[in-house]
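A short worksheet on the structure shown next.
Along the sequence shown, residues are numbered consecutively beginning with 1.
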Amino acid sequence: MHHHDHGASDGAGASTSAETPERALSHRRRLAIACAITVGIVLAQALGAWMTGSLALLTDAVHSLTDSIGLGVALVAAGLMHRAATAQRTWGFRRVEILAGLLQATLLLGVGIYAAVEGIGRLSAPPVILHLELLIFGALGLAGNVISLLVLASGRKANFNMRAAFLEVSADALGSLAVMLAAVVIWTTGWQQADAVAALAIAALIIPRALLLLRETARVLLEFTPRGLDLEQVRAHMLALDHVQEVHDLHASTVATGLPVISAHVVLDDACFSEGCVPETLNRLKTCVAEHFDVAVEHSTFQLEPRSIAAEETHTHA
């Protein structure tokens, strides 16, 4: 007789639970405020880049423009994510947040590469920069970024969408700091290359974050096993249940934030089907994946098979 202990999980590493409509509305409001602030930053920095001739400020302006586009996409995605499922869209629009995160990461990467290429080109032939104006516009950008960060901070871990938005604004704030530092260096030393160096620093801030977000969204789109869920451990725990003989075609993936799914073919004792223990075994299997592991999988699909059907499947796939 096998025994299977389902102690309560402490939730470490667990996926974020599905958002309530109230939380979703709060996130949309935060995104709308941050988007409006970022559009203002774009206008100010674009004017400043034209006045000062600064590549760093121009890069930061383009980065802010990317942020505003990304935040706009995130805002639309946040509204679509919670539309009801239909027969044609069985998960609704839950995966829109993943696509939005992927788009934002791609935009960030493009801006980072642009800043790197242009920064290297200007190291050898730097233009004269109006340092005082550069400092003022850099400070205006930083102030707007800080306000946006405060608005987004509490919801930054809610989903890919909010995380992407927070990362974009964080990188832009650091970019504004780099712009201000370049202005101070030019002001105090006259070293005009500081502007190009600041642009390269902005690129160095943007690219790793973009690559990280690309990796995380790609894991979901490629249907990798959710982080923190070891399928071999899942298989072992399932096999420890009474009447379970074999587990095959075991798959796990993530539809969207807080929505991991799992499926498997489970071979049971032939006697289990005649003795009526199938419903109890199915319930134990679903409880196993929902409560035993750090990543709680509430959406599970198990095909329960007698040995004869499993043997036919093995012969068919051979």
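Hydrophobic clustering (ILVMFWY, side-chain heavy atoms < 4.5 Å, transitive): I129 and L181 are in distinct clusters. Cluster membership for L55 and V128, using ILVMFWY side-chain heavy atoms within less than 4.5 angstrom, is not shared. Note: the hydrophobic cluster containing V39 does not contain I33 (ILVMFWY, side chain heavy atoms under 4.5 Å, direct or indirect links). Grouping the Ile, Leu, Val, Met, Phe, Trp and Tyr side chains by contacts below 4.5 angstrom, directly or via other members, places I136 with L177. Transitive grouping of hydrophobic side chains (ILVMFWY, heavy atoms separated by less than 4.5 Å) brings L282 and L250 into a common cluster.
Results of the side chain to side chain contact (heavy atoms under 4.5 Å, CB included) test with V234 over V295, V289, V297 single out V289 as the only residue that passes.
Here the side chains of Q192 and P127 are not in contact, with every heavy-atom distance at 4.5 Å or above. With a 4.5 Å cut-off on side-chain heavy atoms, L221 and L99 count as touching. Contact of the H248 side chain with the V267 side chain is registered, since non-hydrogen atoms from C-beta on lie closer than 4.5 Å. Between E246 and R307 there is a side-chain heavy-atom pair separated by less than 4.5 Å. Here the side chains of T281 and L241 are not in contact, with every heavy-atom distance at 4.5 Å or above. Taking the side chain as every heavy atom from C-beta outward, S148 and T38 approach each other to under 4.5 Å. The side-chain heavy atoms of V169 and L152, taken from C-beta on, include a pair separated by under 4.5 Å. Between F137 and D60 the shortest side-chain heavy-atom distance does not fall below 4.5 Å.
Taking every heavy atom of both residues into account, A203 and P208 meet most closely at O-CD, 4.3 Å. A pairwise comparison of heavy atoms in M238 and A264 identifies CE-CB, 4.3 Å as the closest pair. G53 and R122 make their closest contact through O-NH1, 3.2 Å (heavy atoms, listed as atom of the first residue, atom of the second, distance). The shortest heavy-atom contact between G144 and I37 is O-CG2, 3.4 Å. The two atoms that bring F273 and V278 nearest to each other are CD2-CG2, 3.7 Å, heavy atoms only. Heavy-atom minimum distance, V179 versus G138: CG1-CA, 4.0 Å.
Summarising the geometry, atom NE2 belonging to H265 is positioned 10.0 Å from atom OG1 belonging to T301; distances are rounded to the nearest 0.5 Å. Atom CG in L285 sits 7.5 Å away from atom CG in L268 (nearest 0.5 Å). For the atom pair L140 CG and I41 CD1, the distance stands at 9.0 Å (nearest 0.5 Å). The CD atom of E133 lies 10.5 Å from the CG atom of L47; values are rounded to the nearest 0.5 Å. Distance check: D230 CG to D294 CG gives 11.0 Å after rounding to the nearest 0.5 Å. In this structure, I206 CD1 and S170 OG are separated by 12.0 Å, a value rounded to the nearest 0.5 Å.
Listed for the R219 side chain is no donor-acceptor partner under 3.5 Å among the backbone atoms of F224. The closest donor-acceptor contact from the side chain of R227 to the backbone of E216 lies at 3.5 Å or more, if one exists at all.
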Checking side-chain contact (heavy atoms from CB on, under 4.5 Å) for the pair V266/E305: CA distance, chi angles, key distance, verdict?
-> CA-CA 6 Å; V266 182; E305 306 171 340; over 6 Å; no

Residue pair E118, T59: steps toward the side-chain contact (heavy atoms from CB on, under 4.5 Å) verdict | CA-CA 9 Å; E118 288 296 313; T59 302; 5.8 Å; no

side-chain contact (heavy atoms from CB on, under 4.5 Å) evaluation trace for L259 with T254 = CA-CA 6 Å; L259 190 53; T254 303; 5.6 Å; no

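In this structure, W191 places its CH2 atom where more than 12 heavy-atom neighbours from other residues, nucleotides or ligands lie under 6.0 Å away.
No hydrogens or angles considered: nothing links the side chains of S263 and D249 as a donor-acceptor pair under 3.5 Å. A side-chain donor-acceptor contact under 3.5 Å links S64 and Q45.
Aromatic rings from H237 and F293 are positioned such that their centres are separated by under 6.0 Å.
The pair D242-R284 meets the salt-bridge criterion, since a charged nitrogen lies less than 4.0 angstrom from a carboxylate oxygen. Between E298 and K286 no salt bridge is recorded (no basic side-chain N to carboxylate O distance below 4.0 Å).
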